[in-house]
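Chain identifiers are assigned alphabetically (A, B, ...) following the order of the sequence lines, protein sequences preceding nucleic acid strands; residue numbering begins at 1 within each chain. Below, each value reflects all heavy atoms present in this structure, side chains not excepted, and no hydrogens, waters or symmetry copies.
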Protein chains: 2
Amino acid sequence: MVEEQDERILAELQKDGRATNQQLAETVGMSTSACWRRVRALEEAGVISGYSALVARERAGFATSAILHVSLERHDVKFVDEFVARVMQRREVLECFATTGDADYHLRVVVRDMDAYNRFLDEFMFRIPGIRHVRTNVILKEIKTGVALPF
Amino acid sequence: MVEEQDERILAELQKDGRATNQQLAETVGMSTSACWRRVRALEEAGVISGYSALVARERAGFATSAILHVSLERHDVKFVDEFVARVMQRREVLECFATTGDADYHLRVVVRDMDAYNRFLDEFMFRIPGIRHVRTNVILKEIKTGVALPF
DNA sequence: GCTATATTTGGTAATATCTACCAAATTGGA
DNA sequence: TCCAATTTGGTAGATATTACCAAATATAGC
């Protein structure tokens, strides 16, 4: 489905999401119109789900971030759905994954400062029903924060 | 430094990284030229570090991903630098954070299938010198994979 | 291997957008 | 209050987008 030339397009658009269609066509080696149509098809097929400016966290004033290990008391749909719904609408939670291992979920949370993080825990996380355990792993250093899939 | 109107621009460009300058100027309520110059300034200041197409992992053929907890034997600069250098150039590692807590590092790794993950461990991770422990937490479900800072 | 059909391609041109420049407006100090 | 520095909106030439077409290429049936 996603073939050779599409992968070249995807790789390039991951590197530069604002590349003009002309640049893109040149780097992947096809005409502007063919290239443009393939990009459009990838968008419509949902392979490209969107475009985003990548903002430097610290320079934008978000000094604090953490990875949370979260476990639920019970795993009834009721509790799981409630947890997922709450997490989805909380914008400080950039990522949330259900995982194997000791914790049920891994979350990455980004806030302006430690004070905001404390409020996040008190006012949001600790009020979610059915939580068994929350362990905070403060991020000391971002070694790498990539979004590009390794084509 | 990053003020009110800049945050509106950043928020919008996070939502739609390919918004035209005209759309952007309209949504944030300023002239196209003023808006364009602010965007340019944000780029040059490194607040906007780039733009990227967001590619749907599974639709692009990357079925498997995991969060790894990694600890080092020793924390001499020598070992740390070596670890960081290797992780940086390995494209399957999308994210790497130095954290507090039981593990020294949290990594998110994305590969095409479990076989590729096994190779990743054998050929890469287990050969890094000075590693004490690697614990794999397979991602069962991506609840949320956001990149937008919560302005 | 050959034809008919469907799909993909490259070229084109009207439309839309970008981006450098200018003069006017606004801001911040002294 | 006045001056200097910065930011603003308007403009226009240069650039890019995007829908259309005919030609080329791939696909399937026989």
Side-chain angles (χ1 to χ4, degrees), chain A residues 1-63 112-113 146-151, chain B residues 1-63 112 147-151:
Chain A
M1 177 174 267
V2 174
E3 56 193 76
E4 168 65 21
Q5 222 154 13
D6 287 320
E7 291 199 351
R8 299 251 292 284
I9 289 176
L10 291 172
E12 187 58 26
L13 281 178
Q14 282 187 145
K15 272 197 290 192
D16 181 6
R18 285 200 79 121
T20 67
N21 188 53
Q22 295 192 348
Q23 291 175 279
L24 189 60
E26 186 164 7
T27 35
V28 304
M30 52 174 119
S31 72
T32 56
S33 42
C35 180
W36 182 75
R37 249 168 299 132
R38 286 192 105 99
V39 171
R40 198 162 170 279
L42 289 166
E43 290 168 354
E44 283 174 359
V47 178
I48 296 174
S49 61
Y51 297 88
S52 183
L54 306 177
V55 178
R57 185 183 52 76
E58 202 125 28
R59 291 189 194 199
F62 293 87
R112 294 196 178 271
D113 50 40
V147 294
L149 300 175
F151 287 108
Chain B
M1 177 174 267
V2 175
E3 58 193 76
E4 168 64 22
Q5 222 153 11
D6 288 319
E7 291 199 351
R8 299 251 292 281
I9 289 176
L10 292 171
E12 187 58 27
L13 282 178
Q14 283 187 146
K15 274 197 289 194
D16 180 6
R18 285 201 78 124
T20 68
N21 187 54
Q22 295 190 348
Q23 292 175 277
L24 189 61
E26 186 165 7
T27 34
V28 306
M30 52 174 120
S31 73
T32 56
S33 43
C35 181
W36 182 76
R37 249 168 297 130
R38 287 192 104 102
V39 171
R40 198 163 171 279
L42 289 166
E43 289 169 355
E44 284 175 356
V47 178
I48 296 174
S49 61
Y51 297 87
S52 182
L54 305 177
V55 179
R57 185 183 52 73
E58 203 126 30
R59 294 190 190 197
F62 293 87
R112 294 196 177 271
V147 294
L149 300 175
F151 288 109

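With rounding to whole Å, Leu24(B) atom CG is found 13 Å from dG9(D) atom P. With rounding to whole Å, Met30(B) atom CE is found 12 Å from dT7(D) atom P. Glu43(A) has its CD atom 12 Å from the P atom of dT17(D), to the nearest Å. Remark: P of dA16(D) and CZ of Arg40(A) are 21 Å apart, rounded to the nearest angstrom. Following rounding to the nearest Å, Glu26(B) (CD) and dG10(D) (P) show an atom-to-atom distance of 13 Å. Going from atom CG of Leu42(A) over to atom C1' of dT8(C) covers 14 Å, rounded to whole Å.
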Exercise. In sequence, state the C-alpha distance, the side-chain angles, and the governing distance for Glu4(A) and Asp6(A), and then conclude on side chain to side chain contact (heavy atoms under 4.5 Å, CB included).
Key: CA-CA 5 Å; Glu4(A) 168 65 21; Asp6(A) 287 320; over 6 Å; no
Exercise. Apply the test side chain to side chain contact (heavy atoms under 4.5 Å, CB included) to residues Glu43(B) and Leu13(B): give CA-CA distance (whole Å), side-chain angles for both, the deciding distance (0.1 Å), then the verdict.
Key: CA-CA 12 Å; Glu43(B) 289 169 355; Leu13(B) 282 178; 6.0 Å; no
Quiz prompt | Test side chain to side chain contact (heavy atoms under 4.5 Å, CB included) applied to Val55(B) and Phe62(B), step by step | solution = CA-CA 10 Å; Val55(B) 179; Phe62(B) 293 87; over 6 Å; no
Quiz item: Taking it one step at a time, do Arg57(A) and Leu149(B) satisfy side chain to side chain contact (heavy atoms under 4.5 Å, CB included)?
Solution: CA-CA 7 Å; Arg57(A) 185 183 52 76; Leu149(B) 300 175; 4.2 Å; yes
So which protein N/O to nucleotides 14-18 of chain C N/O distances come out below 3.5 Å?
residue	atom	partner	partner atom	Å
dT17(C)	OP2	Gln22(B)	OE1	2.8
dC18(C)	OP1	Asn21(B)	N	2.8
dC18(C)	OP2	Asn21(B)	N	3.1
dC18(C)	OP2	Gln22(B)	N	3.4

Distances for protein N/O vs nucleotides 12-14 of chain D N/O pairs under 3.5 angstrom?
none

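When the shell of 6.0 Å around CD of Glu26(B) is examined, it contains 12 or fewer heavy atoms from other residues, nucleotides or ligands.
You'll find the side chain of Lys15(B) stays beyond 4.5 Å of the side chain of Thr27(B), heavy atoms only.
A salt bridge is absent between Glu12(B) and Arg38(B); no separation between the charged side-chain nitrogens and carboxylate oxygens falls under 4.0 Å.
Taking 3.5 Å as the limit, the base of dG10(D) and the side chain of Ser33(B) contain a donor-acceptor pair of atoms between them.
The structure places CD of Glu7(B) at 10.0 Å from CD of Gln14(B), a figure rounded to the nearest 0.5 Å.
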